[in-house]
Amino acid sequence: MTAKPDSSSPRLALHASGGPAAAELLRSLRPMLTQWLPRQRWFAGKGRALDGLTLSAATELLPRPGTGAAPALPGLLHLLLGAHQGDHADCYQLLLGVRPVLPPALAPALIGRPAWGPLKGLAVYDAVPDQRLTGVLLERLRTPGRVGALRFAREAGAHLPPGLPARPLRAEQSNSSIVYGDTYILKLFRRVSRGVNPDLELPLALARTGCARVPAPVAWFEADAADPVTLGVLQPYLPGSSDGWRLALHALHREADFTGAARSLGRATAEVHTALAAALPTAVLRGPSLAAVAEEMTARLKAACDAVPQLRPYRVGLREAFAAVRELAEAGQGCVVQRVHGDLHLGQVLRTAARDGAGGGWSVIDFEGEPAKELAERRRPQPVLQDVAGMLRSFDYAACQRGASEFSRRWAEATRDAYCAGYAEAGGTDPREHSALLRAYETDKAVYEVLYEAHHRPDWLPIPLAAIRRLAQAPPSPRRTSP
Ligand SMILES: Nc1ncnc2c1ncn2[C@@H]1O[C@H](COP(=O)(O)OP(=O)(O)O)[C@@H](O)[C@H]1O
Ligand SMILES: [Mg+2]
């Protein structure tokens with residue numbers, strides 16, 4: 001079944017044939033999906049009413065039970081579903097399993113049993129925890145080609161073994177991931193938009209330049225439209241790795257030094273930036289385009305001050321941080337921009353131990369960028385200091401988990417210095433020497449955090465507010481631009 005019943009669907013207009021079957025399918029699933037979708041962790045439109053659902057594409061990856069060559073097997077249905085909330089619409093990727101009887105282990109994944117329509121009386125459920133069905137996805141990735149609205153592709157020369165056992169990754173995520181035999185991990189993007197996802201684009205470009213700091217994509221699939229929509233990326237799984245957040249908290253808990261790890265993380269970040277600059281276009285912001293960066297930051301500060309009263313006492317000092325960038329622009333200085341990670345923090349880096357003669361070290365993952373931003377914005381070249389500022393803010397968040405103390409303050413400062421020193425060693429430029437831009441990017445990030453915490457985790461609001469107090473008072477220092 002392949003269908004495009006509604007060309008007004010958000011973001012996507014897939015080139016697939018329409019049909020009454022798809023319209024009937026959606027009508028029969030609509031009540032249960034309307035309940036289920038907003039409860040998913042990856043649903044981006046929380047807190048707003050869900051006004052309607054439309055179907056952008058439906059592809060049967062395995063026929064529903066009772067039909068096809070193996071009538072006893074579960075069915076697997078791939079949907080691209082438009083979720084309409086007021087005048088806003090998002091598109092979500094759904095993988096639905098279909099069985100007459102749901103095994104008890106899959107009961108938590110149940111979405112519902114349609115009372116009528118093509119799936120009448122069958123259990124419809126989220127297929128991600130069903131290893132039988134996610135095994136089918138790996139099989140498709142092994143054999144590139146088109147299936148309905150989908151196109152499966154593989155990196156040249158990649159050989160994927162068959163039959164690797166699948167398990168869902170049980171982590172709090174904004175997407176869904178499946179691990180195959182501790183060898184590969186498939187990230188299924190949940191909220192999707194038209195255009196290549198940077199989480200495929202950047203690791204692929206980096207791997208093709210020989211940069212070993214990212215798990216290189218081996219296969220992927222996309223909606224087969226004129227402008228493809230990336231739906232999933234398969235890459236090597238790093239067994240036994242720990243993310244930077246866990247390692248940092250562990251060090252803090254033991255009152256241990258983290259500067260060695262931070263220094264090598266700084267080096268890894270610089271290596272990734274250097275490789276991205278070599279692989280993809282760069283530009284220089286000067287004059288009005290650099291001043292525009294300051295204006296955008298100032299506008300975000302104003303919006304945050306309007307929403308969060310606790311921020312208002314610091315408004316003047318924070319605006320100075322952005323005014324310093326405008327002064328750089330007026331002084332005729334330039335700032336190099338390039339593709340960056342876009343959402344770099346301790347949770348986006350994994351460290352593996354050295355083994356089997358292979359060097360361990362830091363790998364950088366999740367190049368999707370800040371999920372709340374539109375795709376075009378996430379793909380826009382930025383100063384590398386945006387990523388550096390993200391990581392520095394993350395050190396501060398980690399240190400605050402241990403409570404405010406002299407030890408935490410010193411730990412954060414030493415970690416920050418070591419990271420910048422490592423970056424300078426491998427990047428040839430020390431972020432601390434570009435204090436005006438670094439302060440502006442840290443401030444912009446902390447303002448975003450204030451807004452986020454005020455809305456989602458008020459208990460955490462003191463963390464960015466403490467940084468805001470510091471950033472609002474930062475003493476004037478020699479200003480230079482990013483190289
Ligand atoms: N290549 C990998 N090897 C091992 N674990 C991984 C790998 N990629 C991702 N993970 C695990 O999955 C988690 C989420 O991955 P991520 O790409 O950051 O997804 P999300 O967009 O949902 O944040 C990571 O924190 C990590 O625990
Ligand atoms: Mg992530």
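Ligands are counted one by one from 1 in listed order, and the atoms in each one are counted from 1 as well.
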Undergrad: Does I365 have a non-hydrogen atom less than 4.0 Å from ligand 1?
TA: yes
Undergrad: Looking only at N, O or S atoms, which one in D366 sits nearest to the Mg ion (ligand 2)?
TA: OD2
Undergrad: Using a strict 4.0 Å cut-off to heavy atoms of E368, name the atoms of ligand 1 that fall inside it.
TA: 21 (O)
Undergrad: With a sphere of 6.0 Å drawn around CZ of R146, does it hold more than 12 non-hydrogen atoms of other residues, nucleotides or ligands?
TA: no
Undergrad: Hey, are S242 and H250 close enough side-chain-wise for a donor-acceptor pair under 3.5 Å?
TA: no
Undergrad: Between N175 and ligand 1, does any nitrogen or oxygen pair lie at a separation below 3.5 Å?
TA: yes
Undergrad: Applying a strict 4.0 Å limit to heavy atoms, is P236 in contact with ligand 1?
TA: yes
Undergrad: Would you call the rings of W411 and F258 parallel, tilted or perpendicular, taking 30° and 60° as the class edges?
TA: parallel
Undergrad: Classify the side-chain pair Q93/H78 by whether it contains a donor and acceptor separated by less than 3.5 Å.
TA: yes
Undergrad: Can you check which of D182, V233, V179, L238 brings a heavy atom nearest to atom 3 (N) of ligand 1?
TA: L238
Undergrad: Of all the atoms in ligand 1, which lie at a distance below 4.0 Å from a heavy atom belonging to Q348?
TA: 18 (O)
Undergrad: Do L188 and L137 have side chains that approach each other closer than 4.5 Å (heavy atoms only, starting at C-beta)?
TA: yes
Undergrad: Got a second to check how far H84's NE2 is from L50's CG, nearest 0.5 Å?
TA: 9.0 Å
Undergrad: Near I185, which atoms of ligand 1 are under 4.0 Å from a heavy atom of that residue?
TA: 1 (N), 2 (C), 6 (C), 7 (C), 8 (N), 9 (C), 10 (N)
Undergrad: Is it true that the side chains of T230 and W220 contain a donor and an acceptor less than 3.5 Å apart?
TA: no
Undergrad: Which atoms of ligand 1 have any heavy atom of L350 under 4.0 Å away?
TA: 2 (C), 3 (N), 4 (C), 5 (N), 6 (C), 7 (C)
Undergrad: Please determine if Q235 has a nitrogen or oxygen closer than 3.5 Å to a nitrogen or oxygen of ligand 1.
TA: yes
Undergrad: With a cut-off of 2.8 Å, does any N, O or S atom of Q348 fall short of it relative to the Mg ion (ligand 2)?
TA: yes
Undergrad: Going by the atom numbers of ligand 1, which of them fall below 4.0 Å from some non-hydrogen atom of K187?
TA: 16 (P), 17 (O), 19 (O), 20 (P), 21 (O)
Undergrad: Please determine, by modelled atom types, if Q40 and D126 share a side-chain donor-acceptor pair under 3.5 angstrom.
TA: no
Undergrad: Is any side-chain heavy atom of L29 closer than 4.5 Å to one of L53?
TA: no
Undergrad: Using a strict threshold of under 4.0 Å (side-chain N to carboxylate O), is an ion pair present between K445 and E449?
TA: no
Undergrad: Any idea which atoms of ligand 1 are less than 4.0 Å away from a heavy-atom of L169?
TA: 11 (C), 12 (O), 13 (C)
Undergrad: Using a strict 4.0 Å cut-off to heavy atoms of P215, name the atoms of ligand 1 that fall inside it.
TA: 1 (N)
Undergrad: Taking distance alone, with N or O pairs closer than 3.5 Å, would you say D199 contacts ligand 1?
TA: no
